[in-house]
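Below is one structure; the comments refer to it alone.
Just so we're clear, the structure is a prediction, and the values are computed from it rather than from any experiment. Residue numbers start from 1 in every chain, and the chains themselves are labelled A, B, ... in the order their sequence lines are given, proteins ahead of strands.
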Number of protein chains: 2
Amino acid sequence: MGEHRATLAAVAARAGVSPSTASLAFSGSGPVAQSTRERVLTAARELGYAGPDPLARSLRRGRSGIVGAVVGERLLYAFRDPVAVALLDGIAEALSPSGTGLLLLSGDAQHGSPTPEQVSRLPVDAVVFAMCGRDDDPLLDLFIGRGVPVVAIDGPDRPEVTLLRIDDYGGALDLAKHVAGLGHQRVAVAALPLRLDGRSGPVDDARRAAGGFADCRARLTATEDVFGRVPVVEAPSNVVEEGERAGRLLLSAPERPTAIVAQSDLLAVGVIRAAEALGLRVPDDLTVVGYDGIDTPWLGERVLTTVVQPMAEKGRITGRMVTELLAGRRPADANLPVHLRVGTTSGPPPA
Amino acid sequence: MGEHRATLAAVAARAGVSPSTASLAFSGSGPVAQSTRERVLTAARELGYAGPDPLARSLRRGRSGIVGAVVGERLLYAFRDPVAVALLDGIAEALSPSGTGLLLLSGDAQHGSPTPEQVSRLPVDAVVFAMCGRDDDPLLDLFIGRGVPVVAIDGPDRPEVTLLRIDDYGGALDLAKHVAGLGHQRVAVAALPLRLDGRSGPVDDARRAAGGFADCRARLTATEDVFGRVPVVEAPSNVVEEGERAGRLLLSAPERPTAIVAQSDLLAVGVIRAAEALGLRVPDDLTVVGYDGIDTPWLGERVLTTVVQPMAEKGRITGRMVTELLAGRRPADANLPVHLRVGTTSGPPPA
DNA sequence: CGATTCGATCGAATCGATTCGACCGCCGAA
DNA sequence: TTCGGCGGTCGAATCGATTCGATCGAATCG
């Protein structure tokens, strides 16, 4: 371990050629005589040289071959979210052919976590903001300041970033109209986190006014454009358990809602659980709708009424956008359509 | 975009100091007069310089600040596996304080994927083989050849790698004894993939002899040390659906087993589904046991009989091992204990 | 047979920062 | 008064490869 690793120069010396020739022999770019190449390769083997140092290579080429993906506060939460997983998978898939790696960056967080400055010092060729769409994310400023190309998914809207959106408002509007069309009037919302500060529970005016994730806000606006002001309970993270807690809270209100609009499928599953724990049947006693269109194995035969968004494609398109940016081109922003899927968890309100 | 980004040298020139002083002003190591530092920082702001180039910094320091995590064939599969997710989360958590990033490397795969050579050219300071424990993984050779420190979880056993294991054999043995103690004699196994080649179905002698993942083999050996040779059906990946397929296959055998030992909890859930689809009740008509000890929300009130392994801790210990290796020390291999958890999915065989 | 290419190889500059050793005042201690 | 030490700054070497332009011999062509 102590001994220094062989360098290209050492290999070249041993093979009796210049470093430049040795480099060509390895990279394959440029003409090298068959015999020379073999001599170099032999020398390399003898010295235990495994190829050019990635660090030096990166510096010279100006690329590290790594793309960063900013995923919320903690990996665990990101991985529990099927939407995020599908996204990351799509990105990785699109990036794979070029040998580009995906680096997970956990965003702004609390104790023990790296500071945004530390994070922005990692050698990435581009960054994807996968799921933390606050316009004022400090990481965003740092990367933009560094001149690192940024793609944002449903995320911070800035002139410098390439944006990929889904039609959050439109989807939520279709959904709300569907629920309204069934005859519901007392509706409540189980909301995604407005920001990652761990807060949960009823959303008051101050909280509403305080900004937050774009997707969450767009969906809420659409719902209230149909039903007017409705009670909203915010979940601190997008997991089933928090949906259940939010559901319990909403269902214990004096005027129980006849329909609950959950802002994600995971929350919807939680709400359904909460309802069943209270002895309510879905959809007979309570209509529950979600958002995203993920697989919901928890629901058995039932099919969740929800808005389906093209998750995997979102990831792939993101990957392609990154590829474009790395090639020095600036792709246009994109806006993907969503569609309403009417399942078996929505029905008319009880008589 | 086209214009070159400012360099530290440019900043230094503008501030009227030498590059070395400017460097010290940024890194904070070494004494710099307050006034000088401010002059440098001002010059930097004026030139839009956001701090030292990570690539150059990496080369000089000999570190990229990135640790690679090799996760099976495709990200999607890794993320669907709660064990893997808990692991990665633990690793990230342990690595976080030092600002080290986690780079996902999808292992040896098929079309479109990067070649192992490409992958091994990424600038990583260390690599964790999180879940693909084949001794002959080509990536492993490449990284070892490069002198990159490697930590393997339940993985390839090589003198160069630091190993973190759980007591796979012991746990599986306890489990098998439990099942045997209940009186079962006709037992079958739903196995994890022996290798990532997409094969599935009954495991024949050739396949048994062909090596494969260490954890899978150890668990199988323990089971057969108790019950003798048993029928084995291999799942091509560790997901519920494949467990269900394997379950259907095992349960359609002429001599139906009274107990099925699944090599993971996800597979066990699938087997239970298959059983219920056939009208069998668990555990009255069929005993099903798993491995891992993950949360199984799919099972409702039931508790899976399984072997619980300390997943999150595994991740954290891995992270600490990596930290040690980066500090130039060589930590000792570790072997974590597991324990049997008797739930409600195992019982005596039907009369 | 001389001019022109083309293939193979080499030299040297470059990527952008870090860091070791040297240097220079200046202050306090002997 | 002089020397040791320290805060502050600078020069220059270094990290390890890539790449552009130049060179040189041999083969091709007119």
Side-chain angles (χ1 to χ4, degrees), chain A residues 3-41 43-44 47-65 117 120-125 146-148, chain B residues 3-41 43-44 47-65 117 120-125 146-148:
Chain A
E3 333 81 84
H4 295 300
R5 206 130 260 286
T7 72
L8 183 58
V11 173
R14 172 156 196 136
V17 301
S18 77
S20 28
T21 305
S23 173
L24 294 182
F26 271 100
S27 71
S29 50
V32 177
Q34 191 52 239
S35 64
T36 311
R37 155 174 282 111
E38 273 160 19
R39 221 151 17 99
V40 172
L41 263 35
L47 291 176
Y49 179 80
D53 180 334
L55 261 35
R57 183 193 178 79
S58 297
L59 173 58
R60 187 69 241 259
R61 314 258 288 226
R63 322 217 83 110
S64 62
E117 281 75 21
S120 76
R121 261 198 273 282
L122 290 168
V124 292
D125 295 340
R146 271 228 151 69
V148 177
Chain B
E3 332 84 81
H4 296 299
R5 207 129 256 287
T7 72
L8 182 58
V11 173
R14 171 156 197 136
V17 300
S18 77
S20 27
T21 304
S23 172
L24 294 182
F26 271 101
S27 70
S29 51
V32 177
Q34 190 54 240
S35 63
T36 311
R37 154 174 285 112
E38 272 161 19
R39 224 156 9 106
V40 172
L41 262 35
L47 291 175
Y49 179 79
D53 180 333
L55 261 36
R57 183 192 177 80
S58 296
L59 172 59
R60 187 68 241 260
R61 313 257 288 228
R63 321 217 84 107
S64 63
E117 282 75 20
S120 76
R121 260 198 273 283
L122 290 169
V124 291
D125 295 339
R146 272 227 151 72
V148 176

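For B:Arg61, no side-chain nitrogen or oxygen approaches OP1 or OP2 of C:dA17 to under 4.0 Å. Of the side-chain N and O atoms in B:Ser23, one or more sit less than 4.0 angstrom from OP1 or OP2 of C:dT18.
Although no hydrogens or angles enter the test, the distance criterion places a donor-acceptor pair under 3.5 Å between the side chain of A:Arg146 and the main chain of A:Ser120. Counting only distance, with no hydrogens or angles, the side chain of B:Ser58 and the backbone of B:Pro54 share a donor-acceptor pair below 3.5 Å.
The side chain of B:Arg60 lies closest to C:dA17 when the candidates are D:dC10, C:dT14, C:dA17. Nearest nucleotide to the side chain of B:Ser20, out of C:dT9, D:dG11, D:dA17: D:dG11. Relative to the side chain of B:Thr21, the nucleotides D:dA17, D:dC10, C:dT18 differ in distance, and D:dC10 lies closest. Taking the side chain of B:Leu59 as heavy atoms from C-beta on, and the options C:dA8, D:dT9, D:dG16, the nearest nucleotide is D:dG16.
Remark: C1' of C:dC15 and CG of B:Leu8 are 14 Å apart, rounded to the nearest angstrom. The separation between B:Arg37 atom CZ and D:dT9 atom C1' is 14 Å, rounded to whole Å.
Checked by distance alone, B:Ser18 brings no side-chain donor or acceptor within 3.5 Å of a matching partner on the base of D:dG11.
Here A:Ser27 lies out of heavy-atom contact (under 4.0 Å) with every strand. Note on B:Ser58: nothing from the nucleic acid sits closer than 4.0 angstrom, heavy atoms only.
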